[in-house]
Amino acid sequence: MLIEVGEATVRDRLAQRDGEQSDAIGGRSADYHRKVAAAFRALAQADPQGFAIVDGGGSADQVHTRVVAAIADRFPEFS
C-alpha cells in the first residue's frame, strides 16, 4: 500500500510531529522527499496488483477509512 500526500501536507505533518527537532528522515530536504515519493509511485505503477494507492490527505480517521477500504477491495474474504 502506498499512502500519498502532497508536499505541503508532509511539511505540515512533520512540523506538527517534530516541532523544531526533526528526525534523521523528516529533516531531509524537500528534494529528497520528492525523489523518494517518485520512486515509490513508480513501484506502485509498475505493480498495480501489488500496490493500492491511497489518498493520505485529511484527518487520521479519513485516511484510516480509505486504507481499510483498499484492504477490503484487495482481500474481500477478510471483510
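What you are looking at is a predicted structure, and each value in this text was computed from that prediction instead of being measured. Just so you know, residue 1 is the first one in the sequence shown, and it goes up from there.
Open room surrounds CD on Gln49; 12 or fewer heavy atoms of other groups in view lie less than 6.0 Å from it. Atom CZ of Phe51 sits in a crowded spot, with more than 12 heavy atoms from other residues, nucleotides or ligands closer than 6.0 Å.
Listed for the Gln45 side chain is no donor-acceptor partner under 3.5 Å among the backbone atoms of Ala42. The closest donor-acceptor contact from the side chain of Thr9 to the backbone of Val5 lies at 3.5 Å or more, if one exists at all. In this structure, the side chain of Arg66 does not engage the main chain of Val54 through any donor-acceptor pair within 3.5 Å.
Linking Ile, Leu, Val, Met, Phe, Trp and Tyr whenever their side-chain heavy atoms come within less than 4.5 Å leaves Val10 and Val36 in two separate clusters. Cluster annotation: Leu14 and Tyr32 are assigned to distinct hydrophobic clusters (Ile/Leu/Val/Met/Phe/Trp/Tyr, side-chain heavy-atom contacts under 4.5 Å, transitive).
No side-chain heavy atom of Glu7 sits under 4.5 Å from any side-chain heavy atom of His33. Contact of the Met1 side chain with the Ile71 side chain is registered, since non-hydrogen atoms from C-beta on lie closer than 4.5 Å.
Across all non-hydrogen atoms, the minimal contact from Gly56 to Ile3 is CA-CG2, 3.5 Å. Contact between Val63 and Asp55 at its shortest, heavy atoms only, is CG2-O, 4.2 Å.
With rounding to the nearest 0.5 Å, the separation of CZ in Arg34 from OG in Ser29 is 7.5 Å. Between the CZ atom of Arg17 and the CG atom of Asp12 there is a distance of 13.5 Å, given to the nearest 0.5 Å.
In this structure, Arg13 has no side chain to side chain donor-acceptor pair (under 3.5 Å) partners at least two apart in sequence or on a different chain. Arg11 pairs by the side-chain contact (heavy atoms from CB on, under 4.5 Å) definition with Ala8, not counting sequence neighbours.
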